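Scroll down for the structure; my scribbles are underneath it.
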Amino acid sequence: MSEPGAGARDTIRLARADKEFSGPGGPIGVLDGIDFAIRAGEFFSIVGPSGCGKSTLLQLIAGLERPTRGTVAVEGQAVRGPSPRASLMFQRDNLLEWRTLLDNVLLPAEISGTRDAAARDRARELIAQVGLSGFERYYPYQLSGGMRQRAALCRALAANRDILLMDEPFGALDSLSRVEHQMMLQDLWLRRRLTVVLVTHDIREAVLLSDRVAVMTPRPGRILRILDIGLARPRREEAEETPAFIELVARVRRDLAGVRAPAAAA
Amino acid sequence: MVRRLLPPLGLAAALLALWEAYVAASGIAPVILPAPSAVAKVMLAEAPKFLVHAWTTSIEVVVGFVLATALGAALGVVIALSRPAGAAIYPLIIAAQVMPKVAIAPLLIIWLGFDLGPKIALTTLIAFFPIVVNTVVGMGMVRRETYNLFLSLGATGLQIFWKLRVPAALPVFFGGLKIASTLAVIGAVVGEFMGANAGLGYLLTVYVGNAGTVHAFAGIMYLTILGLCFFLLVVIVERLIVQPHLRTRVVAEAAQS
């Protein structure tokens, strides 16, 4: 199977993007000279120590934050506001507690004014794809953490956008269901040819799912290295036992240990 | 429902029995402390008169409460959504709340006359504060991430308001309405104390002035029943609008943050 996204055009491009937030003692640099591109259809992960600005980086791509300097462009157009090309998913599912599962998944259609029978059919189909059929009329409080997260994934996919931005989407799940969700995400991605940008602190997850993994330094976050993964797809959990996988995980870990060491010495 | 009502009704009955026994055993003068049975007798025998006055008080309570809800919700929304407007309005609302409303009552009579006007105004003034506060708190219950999610879906300001802020605020808003519903009855009665010719509060001033203690107790009982009915009305509306899992969740969520 050919590597999805390989040789394809760039869809997300950040050029010398800096981000500063104002703090009590003047501006605090969060991101410093971020410069890379993500190809259409690529599965791209960003790993880094906590507080390195990886979530902020995702917000820049989503258009929820503006870079202090530099540019962020999606599909060749500078991002100046919430991007109509990307949907978002967070560690918290952020489901609306007063809506049923189906009504939560129909939220994007409702907001764009296209909540009709076709949207309902699509929503039901998505719900079936993540194994939640029969739970359409349940409220979020009646669902388990993993089910809620899958519902949030359905909602993100229901927006029908080509870019999916995920901020530690499985961080709150137990390790068994995390693997299950990672496999499900890979299957959905293989089927739909989305561009996925995944922010995570789970090195295994990044290597298992990604075409490329970007390693970030502590604040102000810089891209230290972008690693090609190049393992065959579809990858199953057993791939983690192969020497290639173990070596890739070790490389990312060494990179992260390397960027942590100077900070610890200081 | 019956199971929930049984303990409080049982306790009330026990307290009344104790009271009855004390009055009988001590031989205390009815003008100081009448027996509950005597109060009940008056409540039944003179029910038509009490109900006519209860009707007047009810109108004051309902109109005052509805005005307080409209005013409180509107101010709460403005404060929650506009930082400058909130910064200007909120301190004044606190000041208005700190100011003893009983002290303004005579002025209200000068401005609005002896009719229903000043009673409704006082009811509104007393009841609107918890509604404002709970509206502001409720509107603020929205998480940044959820708000961002709406933005990224391309939601308009109106969509964010109606599909996110309002439903998120409703459970807390109803908490404010329940507090306000009890304050509204107090407002109406205080208004009637200041000068009136109808209403249960007015009736109380007359009875107390003539040492009609039994009748005064009967009036207080009717006021209590009126207040309970009004509170229950708000609870019923809440149950129609707010789903059960949200009613209990608010407390837990507020405790977490």
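Because the structure is a prediction, the values reported are computed rather than measured. We name chains A, B, ... by the order of the sequence lines, and we start the count at 1 in each one.
- Neither the backbone nor the side chain of A:Gln142 comes within contact range of chain B; no heavy atom of the residue lies under 4.5 Å from a heavy atom of that chain.
- The stretch residues 153-160 of chain B places B:Leu153, B:Gly154, B:Ala155, B:Gln159 near chain A, each with some heavy atom under 4.5 Å from a heavy atom of that chain.
- Note: A:Tyr141 and B:His245 have parallel aromatic rings, judged against thresholds of 30 and 60 degrees for the angle between ring planes.
- Side-chain atoms of A:Leu64 and B:Tyr147, non-hydrogen and from C-beta on, never get closer than 4.5 Å to each other.
- Contact of B:Leu170 with chain A is not made at all, since no heavy-atom distance falls under 4.5 Å.
- For A:Phe135, the ring pair (Phe, Tyr, Trp, His ring centres under 6.0 Å) partners two or more places apart in sequence, or in a different chain, are A:Tyr138.
- Taking both residues in full, the closest heavy atoms of A:Leu88 and B:Asn148 are given as CD1-O, 4.3 Å, listed atom of the first, atom of the second, then distance.
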Side-chain donor-acceptor pairs of residues 72-90 of chain B under 3.5 Å, sequence neighbours excluded:
| residue | atom | partner | partner atom | Å |
| --- | --- | --- | --- | --- |
| B:Ser82 | OG | B:Ala85 | N | 3.1 |

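- Scanning residues 78-87 of chain A against chain B with a 4.5 Å heavy-atom cutoff picks out A:Pro82, A:Ser83, A:Ala86, ordered by number.
- Counting only distance, with no hydrogens or angles, the side chain of B:Gln243 and the backbone of A:Trp98 share a donor-acceptor pair below 3.5 Å.
- Around CZ of A:Arg219, the count of heavy atoms belonging to other residues, nucleotides or ligands within 6.0 Å does not exceed 12.
- With contacts defined as side-chain heavy-atom distances shorter than 4.5 Å, the pair B:Lys163/A:Leu96 does not qualify.
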Check step by step if side-chain contact (heavy atoms from CB on, under 4.5 Å) holds for A:Arg155 and B:Leu149.
CA-CA 10 Å; A:Arg155 181 179 57 188; B:Leu149 187 90; 3.3 Å; yes
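- The CZ atom of A:Arg92 sits 3.5 Å away from atom CZ of B:Arg143, with the distance rounded to the nearest 0.5 Å.
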